[in-house]
Amino acid sequence: MKIGILGAGQLGRMLAIAGYPLEMSFCFYDTSGAPSVGFGDILVDKGGAGEKLEEFLKEVDIVTYEFEHLPLKLTQTIENQKPLYPSSRSIEVCQNRAKEKALFKELGIPTAEYRIATNAEELKAAAQELGCPVVAKSVTEGYDGKGQAVLKEASDAEKAWAAINHDAVIVESFINFSRELSIIAARSTTGEIAFYPLAENNHHDGILRYSVAPAPHISAELQQQAESHIKALISELGHVGILTLELFETPEGLMANEMAPRVHNSGHWSIEGAASSQFENHLRAIAGLPLGDTQANKPTCMINIIAEKGDKEAILKLPYAHLHLYGKEERKGRKLGHVTVQADSYEELAWRVKNVASFLPGSPDFISSIS
Ligand code: AMP
């Protein structure tokens with residue numbers, strides 16, 4: 001089976017690494033002009049003019065993607081010719097924060113109170129109505145904390161509007177969460193569903209730095225609550241493939257922040273930490289194969305390598321660390337790779353994570369609920 005992937009970065013690369021043992025092959029459609037995937041057939045169509053689209057679609061049996069900010073016209077064109085998983089409906093909702101939040105509300109999934117604003121005055125009025133602080137985010141195209149601003153006072157509206165520089169923003173009440181969690185689920189074309197354990201995520205400057213899975217101190221009820229929220233979304237969307245739901249933990253329970261219709265950075269731990277990684281299960285799901293086991297085999301932490309690759313030799317000498325580099329050049333704020341660290345206890349895990357982080361320049365302190 002030949003899988004077509006829209007995008008040719010690290011997520012596509014890790015999908016392909018997971019797919020070759022299942023006798024799958026890969027063709028990547030890249031519109032950035034700078035594919036970093038490093039193998040497989042790569043069709044570059046810089047700017048996305050569509051010149052290579054017919055060739056791409058002729059090559060492949062099914063199409064998936066590593067990036068949901070895709071033009072809907074493109075995804076609908078693809079769907080008319082080849083199966084696209086997850087479908088354009090999942091893309092349409094997940095690429096638009098207003099539609100995403102409306103769906104959370106419709107399904108009774110707790111989420112922040114919000115308003116939509118289309119100019120600085122409306123942003124100010126929304127901040128006054130909701131009560132500051134509020135978080136303003138561009139309705140479309142935001143990622144890694146980009147296109148966002150926190151308003152401490154309503155009078156910050158003009159400055160925030162100019163900084164975000166978009167046609168529309170979603171204005172959310174600020175949630176006083178105790179920690180950030182995410183849940184990843186896979187649904188196959190056959191309807192089979194599997195859930196990974198909740199992961200605890202630590203961000204720094206808007207970028208994910210550490211994910212611990214299974215998240216420590218999670219009751220069966222909390223895991224169940226997360227599974228029931230993501231299952232409701234999957235069912236409503238008719239989703240096929242991996243879906244990721246980012247959550248805030250609060251004293252009142254879980255609140256949904258946002259979701260992604262794809263493999264996610266907070267699931268990279270599963271490459272070594274589970275019998276079947278999120279990448280493998282995404283491929284199994286879209287190919288209609290039985291899903292693999294999602295349970296964590298040990299306390300595991302994923303550490304992102306950002307901007308500088310650090311001391312590769314020192315990390316390779318550690319018996320408990322697995323290094324993944326993505327074949328990208330060093331650049332400020334860029335995700336260049338990750339390290340998976342495993343241990344038999346959370347205490348040992350915390351020590352090992354700090355040790356690995358000491359070989360990665362610029363790593364923020366490892367903050368987690370372990371201790
Ligand atoms: P997002 O792009 O929606 O994932 O937001 C990036 C980060 O901003 C999140 O990981 C949170 O740390 C923070 N954040 C987003 N929305 C809120 C909110 N409503 N209240 C408090 N913090 C938020």
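Note that ligands are numbered from 1 as they come in the structure, with each ligand's atoms numbered from 1 the same way.
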Heavy atoms only, cut-off 4.0 Å: how does N176 contact ligand 1, side chain, backbone, both, or neither? neither
Atom 18 (C) of ligand 1: nearest protein contact (heavy atom, Å): V135 CG2, 3.6 Å
Do ligand 1 and I175 have nitrogen or oxygen atoms that lie under 3.5 Å from each other? yes
Numbered atoms of ligand 1 (with element) below 4.0 Å of E180, judged on heavy atoms: 9 (C), 10 (O), 11 (C), 12 (O)
If you measure from the Lys or Arg side-chain nitrogens to the Asp or Glu carboxylate oxygens, is any gap between R352 and E348 under 4.0 Å? yes
Lys/Arg-Asp/Glu bridge criterion (N-O < 4.0 Å) met for E92, K99: yes
Could you measure the distance from the CD atom of E280 to the CG atom of L15? Nearest 0.5 Å is fine. 11.0 Å
Quick one: which ligand 1 atoms are inside 4.0 Å of a heavy atom on Q148? 1 (P), 2 (O), 3 (O), 5 (O), 6 (C), 8 (O)
Note: ligand 1 atoms sitting under 4.0 Å from heavy atoms of F177 are 12 (O), 21 (C), 22 (N)
Nearest non-hydrogen protein atom, atom 23 (C) of ligand 1: F248 CZ, 3.7 Å
With heavy-atom distances below 4.0 Å as the criterion, list the atoms of ligand 1 near E246. 4 (O)
Closest approach of any protein heavy atom to atom 16 (N) of ligand 1, naming residue and atom: K137 NZ, 2.9 Å
Would you mind checking if D344 and K298 are paired as a salt bridge, meaning a charged N to carboxylate O distance below 4.0 Å? yes
Please determine whether the number of non-hydrogen atoms from other residues, nucleotides or ligands lying under 6.0 Å from atom NZ of K335 exceeds 12. yes
One thing to verify: whether E330 and K309 come together as a salt bridge, which I'm taking to mean a side-chain N less than 4.0 angstrom from a carboxylate O. no
Student check: side-chain heavy atoms of E113 and K105 closer than 4.5 Å: yes
Atoms in ligand 1 with a heavy atom of S173 nearer than 4.0 Å: 18 (C), 19 (N), 20 (N)
Taking atom CD of E329 as the centre, report whether more than 12 heavy atoms of other residues, nucleotides or ligands fall under 6.0 Å from it. no
Any protein heavy-atom neighbour for atom 13 (C) of ligand 1 (distance below 4.0 angstrom)? no
